[in-house]
J.: 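Input: one structure, supplied below.
First listed ligand is number 1; within each ligand, the first listed atom is number 1. Quick note: residue numbers are just sequence positions, from 1.
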Amino acid sequence: MKFPFTRLRRSRAYQWSRRLINDVYIDSSDFILPVFVQTGSKKKDQIETMPGIYRYSIDLLDGVIERALKNKIPAIAIFPLVENSKKNKLGSEAINKNNLACKAIQKIKKISDDIGVMADVALDPYTSHGHDGIIINNKIDNDETNKFLIKQSLNLASAGCDIIAPSDMMDGRIGLIRKALENKKYKDIQILSYAVKYASNFYSPFRDAIKTKKLLKTDKKTYQMDFKNLNECMLEVKMDIDEGADAVMVKPALSYLDIIYKIKNKFHVPVYAYNVSGEYSLIKCGIKNGIIPDEAILEVVYSIKRAGANAIVSYFANEIVEKYLKN
Ligand code: PBG
């Protein structure tokens, strides 16, 4: 490997040659598209802190699904904005058969069988305090929360949800949910565990989107992971796989590429990465203000794929396919 016999610029010199030596490819099948839903009809509201991202009323989902199908995106993830009047300390709206998430799932399943539907299991859209679990004696109670999460999972399953995605970070919930699904003969429903979820500052625009930010009076550090730690991600993933998860998620993605890499190389299950709201908005605002070029969105998803993610939950999904993957 000595200059001038080795000249690394030789293979970089032409566009055709650069194409030949590419290691990593992005394709429309690499994405899950997050979609925010709200009550009402004919409503499409811009989320202020997420330029280009909207909350849709259920009657407008036809257009959303049509675009995703056209772009060959394999699955979408539903996130409901729940009205304040329906929130309480227990988050009991989460187990209402006619709640917004269930209605959205039913609607999408009616529109098409060709797109997977994923939904979060966590109580934060439904609690009056914005936490993912139930508070007992000023603490998020792990085991009481799990009882609710099981019911929430069965509720989503009966609405037709294909992928149940627990994002609550309670210990032991994957095993309990898997057992409950098996007992009720929902044996083909996938569990994508948000196994590695950090207590991140980058969730902030998402909390605007589902209006939980103002309700939250404390942080989520007693259940979400500490970004100063390296090893516990391995234990989280191992436990969730042993308990019956089909796949695991690392979240956020960009500040955690090392974690994606580590997990991908150690475990033989699909690894998803969530390129979260704050990561989206930072880049989107940078592009909108002319600070960075548009191609930055490609650079971001390639970095996540290079780190080892099988697929990426991304607010950029449609945009990337439409701008960069159509030839
Ligand atoms: C809820 C949940 C959050 C996100 C997905 N599910 C936020 C949180 O834990 O507070 C964040 C997604 C994003 O920021 O794009 N448990």
J.: Could you go through residues 228-238 and list every donor-acceptor pair under 3.5 Å that involves a side-chain atom there, pairing it with any protein atom two or more places apart or in another chain?
T.:
{"residue": "N229", "atom": "ND2", "partner": "E232", "partner atom": "OE2", "Å": "2.8"}
{"residue": "K238", "atom": "NZ", "partner": "D242", "partner atom": "OD2", "Å": "2.8"}

J.: For R12, does its backbone N or O pair with a side-chain atom of R18 as donor and acceptor, under 3.5 Å?
T.: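 Yes; judged by distance alone, with no hydrogens or angles, the pair exists.
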J.: Mark yes or no: K197 above the aromatic ring of Y203, with NZ or CZ under 6.0 Å from the six-membered ring centre and no more than 45 degrees from the axis.
T.: yes
J.: Show which side-chain atoms of residues 251-272 pair as donor or acceptor with protein atoms under 3.5 Å away, not counting sequence neighbours.
T.:
{"residue": "K264", "atom": "NZ", "partner": "N310", "partner atom": "OD1", "Å": "2.8"}
{"residue": "N265", "atom": "ND2", "partner": "Y261", "partner atom": "O", "Å": "2.7"}

J.: Check each protein residue for a heavy atom under 4.0 Å from ligand 1 and list those that pass, ordered by chain and number.
T.: D120, A122, D124, D132, S167, K197, F202, Y203, F206, R207, K220, Q224, K251, Y274, V276, S277, Y315
J.: Sub-3.5 Å donor-acceptor pair from the side chain of N88 to the main-chain atoms of L90, do we have one?
T.: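 Side chain of N88 to backbone of L90: a pair is present.
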J.: Which pairs, with at least one residue in residues 28-57 and sequence neighbours excluded, count as a salt bridge (Lys or Arg N to Asp or Glu O under 4.0 Å)?
T.: D30-K305
